Chemist: 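My questions will all concern the structure given below.
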Amino acid sequence: MKTRQLGNTELQVTTVGLGTWAIGGGDWDFGWGPQDDKESIAAIQRALDLGINWIDTAAVYGVGHAEEIVAQAVAGRRDRVILATKCGLRWKPGGTTPFGQLDAKSVREEAEASLKRLDTEVIDLYQIHWPNPDQDIEEAWSTIAELIEEGKIRYGGVSNFSIDQLERIQKIHPVASLQPPYNMLERGIEDELLPYCAANHIGVIAYSPMKAGLLTGKYSKEGIARLPMNDWRRGSDQFKEPRLSANLNLIEQLKPIAERNHITLSQLAIAWVLRRPEVTAAIVGARRPKQIEQTFEAGDHVLSKRDVEAIDALLEEHARAIGE
Ligand SMILES: NC(=O)c1ccc[n+]([C@@H]2O[C@H](COP(=O)([O-])OP(=O)(O)OC[C@H]3O[C@@H](n4cnc5c(N)ncnc54)[C@H](OP(=O)(O)O)[C@@H]3O)[C@@H](O)[C@H]2O)c1
């Protein structure tokens, strides 16, 4: 599997990394319905067996649960896996509702808790999950720089940051990576953030390349209505009208492009994200071994100019249909 250097770091990451949000399960406000831990562990181990060399998780996924599952899955091969996790979204003891907190004491407490849950001595990439509260991002970033000095973290990254926020913290310590949303339905980073990251040697690890499963083509309106009540996607704008019909129409029109490439719609969505040279890797979510078996090869698939142009034309039409 292809690897790329993450920003200015010494990390060589496979172009597909495994995302573990869904693996956190349904027992919190942003869960994905019931999830079987055995399947989660099997999915992570399958991903590693297939050659994927890094895992993205977060303290808040399943309010601590996803990190514990990752630790169990990588036991015995921790030294061959790059672990990326996140801080900044906390929850009350016994609670299920995340809130943003980024003061120094909180970041330290979170790093210690993640080290413990991940059963590791060092976190390879520690990311601020959201710039919230905004006035504390410098304090959080300075604390991450201290934790790097202390050897508890190898590199620091951020997620969901703007250029202005990146500039503020770059003055304190270099940013290894940005983790933004990027997929055919969310292209907000293309014009400014991606070129900024390339110019400043900040790696980009793009999240939700299949828009939480929507771009796999498996969801019909009826299928979405059948999602469990505790699956956050029921409330997501992209899974609801007025966008949903336009999204499903787009997916229909993508099918012939996937077919002539002999790839699935999921692989097409991931390969499309990776077509941009500024994108280091895509974080691909999977909750079952079969899912990652179907998607991992997209990391090596290069779309032709003709296909990229055809997708662009469809996306322009889609943008017009939703009034953007
Ligand atoms: N930093 C942030 O704020 C942030 C936000 C979002 C995500 N992320 C990271 O990015 C990762 C990936 O994003 P994501 O999980 O939102 O979405 P994604 O990768 O776009 O989609 C993942 C979901 O698609 C479905 N799926 C996966 N492979 C499939 C296949 N081969 N066939 C059919 N369905 C398939 C699965 O859900 P179902 O089977 O239930 O449909 C899976 O959970 C997350 O796990 C997380 O690590 C970060």
Side-chain angles (χ1 to χ4, degrees), residues 1-9 11-21 46-48 50-56 82 84 125 127 157 159-160 176-217 250-251 254-286 291-315 318:
M1 219 177 158
K2 269 191 219 157
T3 59
R4 293 184 189 159
Q5 184 184 3
L6 183 69
N8 261 345
T9 74
L11 302 177
Q12 290 288 337
V13 294
T14 44
T15 46
V16 165
L18 180 72
T20 61
W21 179 6
R46 189 75 187 115
L48 300 176
L50 291 166
I52 291 174
N53 75 352
W54 65 287
I55 298 170
D56 179 73
I82 295 166
L125 181 67
Q127 307 157 97
S159 181
N160 302 302
S177 60
L178 172 69
Q179 180 176 151
Y182 187 44
N183 56 64
M184 291 184 196
L185 304 175
E186 294 172 302
R187 306 180 67 183
I189 64 170
E190 286 182 346
D191 294 346
E192 293 175 10
L193 256 173
L194 284 181
Y196 176 85
C197 287
N200 289 279
H201 310 289
I202 296 171
V204 176
I205 46 180
Y207 76 67
S208 299
M210 301 174 284
K211 191 55 214 169
L214 188 58
L215 293 169
T216 64
L250 166 70
I251 291 162
L254 290 167
K255 280 182 184 167
I257 304 177
E259 274 161 22
R260 70 175 178 240
N261 276 275
H262 308 290
I263 58 177
T264 62
L265 278 172
S266 317
Q267 290 171 332
L268 183 73
I270 299 163
W272 181 86
V273 164
L274 290 170
R275 86 202 182 288
R276 286 285 298 233
E278 305 96 324
V279 173
T280 315
I283 312 176
V284 176
Q291 293 186 334
I292 197 66
E293 279 165 19
Q294 284 165 9
T295 48
F296 85 103
E297 280 174 327
D300 288 338
H301 191 88
V302 180
L303 290 173
S304 69
K305 193 165 171 277
R306 173 188 168 218
D307 290 328
V308 171
E309 283 170 2
I311 295 171
D312 262 340
L314 292 178
L315 293 180
H318 174 264

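Keep in mind it's a predicted model, so treat the numbers as computed, not measured. The chain is numbered in sequence order, starting from 1.
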Chemist: Tell me, with the steps shown, if Asp56 and Gln127 meet side-chain hydrogen bond (donor to acceptor under 3.5 Å, both in side chains).
Modeler: CA-CA 10 Å; Asp56 179 73; Gln127 307 157 97; 3.2 Å; yes

Chemist: Are there over 12 heavy-atom neighbours, none belonging to Glu192, within less than 6.0 Å of that residue's CD?
Modeler: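 No, CD of Glu192 has 12 or fewer neighbouring heavy atoms, counting only those of other groups under 6.0 Å.
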
Chemist: Heavy-atom distance under 4.5 Å between the side chains of Leu18 and Leu48, does that happen here?
Modeler: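 Contact flag for Leu18/Leu48 side chains = no.
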
Chemist: Let me confirm one number: the CD1-OG1 distance from Ile205 to Thr15, rounded to the nearest 0.5 Å.
Modeler: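 Result: 13.0 Å between the selected atoms.
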
Chemist: Dump the intermediate steps for side-chain hydrogen bond (donor to acceptor under 3.5 Å, both in side chains) on Tyr196 and Glu278, then the final yes or no.
Modeler: CA-CA 9 Å; Tyr196 176 85; Glu278 305 96 324; over 6 Å; no

Chemist: Does Thr9 offer a backbone N or O that forms a donor-acceptor pair with the side chain of Gln5 under 3.5 Å?
Modeler: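 Here the side-chain-to-backbone pair exists.
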
Chemist: State, yes or no, whether a side-chain contact exists between Thr295 and Val16 at a heavy-atom distance under 4.5 Å.
Modeler: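 No; the side chains remain at least 4.5 Å from each other.
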
Chemist: Are the side chain of Gln267 and the backbone N or O of Thr264 linked by a donor-acceptor pair below 3.5 Å?
Modeler: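 Yes; judged by distance alone, with no hydrogens or angles, the pair exists.
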
Chemist: With a 4.5 Å limit on heavy-atom distance, are the side chains of Met210 and Asn183 in contact?
Modeler: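 With C-beta onward as the side chain, the pair stays apart.
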
Chemist: Examine distances only and state if a side-chain atom of Thr14 and a backbone atom of Ile52 form a donor-acceptor pair shorter than 3.5 Å.
Modeler: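 Such a contact is absent between Thr14 side chain and Ile52 backbone.
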
Chemist: Kindly compute the distance separating CG (Leu303) from CD1 (Ile270), expressed to the nearest 0.5 Å.
Modeler: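 That separation rounds to 11.5 Å.
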
Chemist: Compare all side-chain heavy atoms of Thr280 with those of Ser177 and state whether any distance is below 4.5 angstrom.
Modeler: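 Not in contact.
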
Chemist: Please examine the side chains of Ile251 and Leu214, heavy atoms only from C-beta on, and report whether any two atoms are closer than 4.5 Å.
Modeler: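 In short, these two side chains touch, coming nearer than 4.5 Å.
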
Chemist: Rounded to the nearest 0.5 Å, what separation is found between the CG atom of Asn53 and the CD1 atom of Ile82?
Modeler: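 Result: 4.5 Å between the selected atoms.
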
Chemist: Can you check whether Gln291's main-chain N or O pairs, donor with acceptor, with Arg46's side chain at less than 3.5 Å?
Modeler: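 No.
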
Chemist: With the side chain counted from C-beta on, respond yes when Met1 and Leu50 share a heavy-atom pair under 4.5 Å apart, and no when they do not.
Modeler: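 In short, these two side chains do not touch, never coming nearer than 4.5 Å.
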
Chemist: Can you check whether Leu193 reaches Tyr182 side chain to side chain, under 4.5 Å on heavy atoms?
Modeler: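 A side-chain contact is absent here, since even the closest heavy-atom pair is not under 4.5 Å.
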
